[in-house]
Amino acid sequence: MLRHAVQRLLLAVPVMFGVLLVGFLLMQVVPTDPAVVRAGPNASAEIIEAIRRDLGLDKPLWLQFFLYLGRLAQGDLGVSIINNVPVAQELGTTIGPTLELMVASLVWSIPLGLFLGTIGAYWRGSLIDRVVMAISVAGVSVPVFFLGLVLIWFVGFKWQWLPFTGREGPLWTWQGLRAVILPAITLGGVFVGPVARMTRTAVLDVLGADHVRTARAKGLPERIVVLRHALRNAMVPVVTLIGLQIGFLLGGAVVTETVFSWPGVGRLAVGAILSSDFPMAQGTIIVLSLGFILVNLTVDLLYGVLDPRVRAA
């Protein structure tokens, strides 16, 4: 198991290097000069050139990249061009709200998706199964921003049941819990459909297996047969999907945080890109990419827990 974890960690190194390279090159093709952004529209050419030297933009592109990697190795993510605040400091204040939003969205969407998929497989072909499939299709088809705007209009603006702008405190406070409900429903709503559909397919395959028929022949309660012998053995493909979807959930968090003015990394990334704040944009790309890699590593390790054959490999 330890060897498996080390192998996955080593594979993550070239992936992260590729992400850093692509993110760096993408910032170079943006038709905006960071020196001009920092100097302002009325600055002289001499001031702009001095700022370019100060930022290291006068050096060759390959040298800029390796200097950038050197600063990253020292934990230096740079300084924001817009507000002159260290990128690491700004990210430190926004990672918490993003994690809160993701936890709040996953804590209800994963159990609901597993439940819907399991009952849809157990009552295959029934009205319940059709309802589950309809929910799955709707969850896949409805865009995140559309669901968020609908909830804002009806629940927040028209009925005034819940706040729909900003974060009002941490999750363990009443104000913070009320403020996160609509963003969490929006972000988790697109998660339920894929999980329910994959769970239904995987449980259907396992329900016809020999060990499930043996468990029923022994007279075990149907609840034990479905949960312990069917659902658990069907979890490997479901966990794979959940891991991939959590990665894509980071992209959905960018949209959700923008729609609800949630002060997280996603909203910070959008603001940095729109304002051509290159150091801040690169910092957010690093954080989101690390999150994606850590999620996939966690999924790989969960394989060993769910399937002993992975531990023996």
Side-chain angles (χ1 to χ4, degrees), residues 101-156 158-159 161-162 164 180-249 251-252 255-256 259 299 302 306-307:
L101 176 59
M102 294 192 66
V103 168
S105 63
L106 293 175
V107 77
W108 72 271
S109 59
I110 290 180
L112 180 59
L114 294 175
F115 173 75
L116 291 175
T118 304
I119 64 173
Y122 187 75
W123 281 289
R124 179 183 182 183
S126 66
L127 178 61
I128 294 177
D129 187 23
R130 294 190 184 94
V131 171
V132 169
M133 292 305 296
I135 294 174
S136 301
V137 173
V140 174
S141 305
V142 177
V144 177
F145 71 90
F146 179 77
L147 178 59
L149 292 176
V150 169
L151 290 175
I152 287 175
W153 173 253
F154 287 102
V155 181
K158 190 173 182 180
W159 299 332
W161 288 351
L162 293 169
F164 57 89
V180 82
I181 289 177
L182 289 185
I185 292 176
T186 301
L187 188 58
V190 298
F191 200 83
V192 174
V195 173
R197 182 161 30 171
M198 178 58 75
T199 303
R200 178 184 179 276
T201 302
V203 172
L204 276 176
D205 291 338
V206 177
L207 283 176
D210 293 337
H211 70 277
V212 174
R213 287 196 292 267
T214 302
R216 283 172 171 159
K218 290 180 179 180
L220 292 177
E222 195 67 14
R223 175 176 58 85
I224 300 298
V225 172
V226 173
L227 294 179
R228 183 177 298 176
H229 296 279
L231 181 59
R232 180 175 180 179
N233 287 277
M235 283 301 293
V236 171
V238 176
V239 168
T240 303
L241 177 73
I242 289 175
L244 293 174
Q245 288 296 120
I246 290 177
F248 289 119
L249 208 65
V255 179
T256 304
V259 170
V299 170
L302 282 176
L306 297 171
D307 192 346

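- Of all non-hydrogen atoms in Pro111 and Leu106, the two that sit nearest each other are CD-O, 3.7 Å.
- Atom CG in Asp205 sits 10.5 Å away from atom CZ in Arg200 (nearest 0.5 Å).
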From CA spacing to verdict: side-chain contact (heavy atoms from CB on, under 4.5 Å), Phe115, Ile119: CA-CA 6 Å; Phe115 173 75; Ile119 64 173; 3.8 Å; yes
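- Exactly one residue among Ile181, Ile185, Leu162 makes a side-chain contact (heavy atoms from CB on, under 4.5 Å) with Val155. That residue is Leu162.
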Derivation and outcome, side-chain contact (heavy atoms from CB on, under 4.5 Å), residues Ile110 and Phe191: CA-CA 7 Å; Ile110 290 180; Phe191 200 83; 3.3 Å; yes
Criterion side-chain contact (heavy atoms from CB on, under 4.5 Å) on Val142 and Val190, from CA distance to verdict: CA-CA 7 Å; Val142 177; Val190 298; 5.8 Å; no
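- Scanning all heavy atoms of the two residues, the minimum distance from Pro183 to Leu101 falls at CB-CD1, 3.4 Å.
- The CG atom of Leu182 sits 7.5 Å away from the CD1 atom of Ile152 when rounded to the nearest 0.5 Å.
- Nearest approach of Gly252 to Leu187, heavy atoms of both residues: C-CD1, 3.5 Å.
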side-chain contact (heavy atoms from CB on, under 4.5 Å) between Val195 and Ile242, intermediate numbers included: CA-CA 7 Å; Val195 173; Ile242 289 175; 4.0 Å; yes
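- A distance of 10.0 Å separates CG in Leu241 from OG1 in Thr201, rounded to the nearest 0.5 Å.
- Side-chain contact check for Thr199 versus Leu116: every heavy-atom pair is 4.5 Å or farther apart.
- Here the closest non-hydrogen pair linking Gly188 and Ser105 is N-CB, 3.6 Å.
- Within the 4.5 Å cutoff, the side chain of Leu151 has no heavy atoms near those of the Phe164 side chain.
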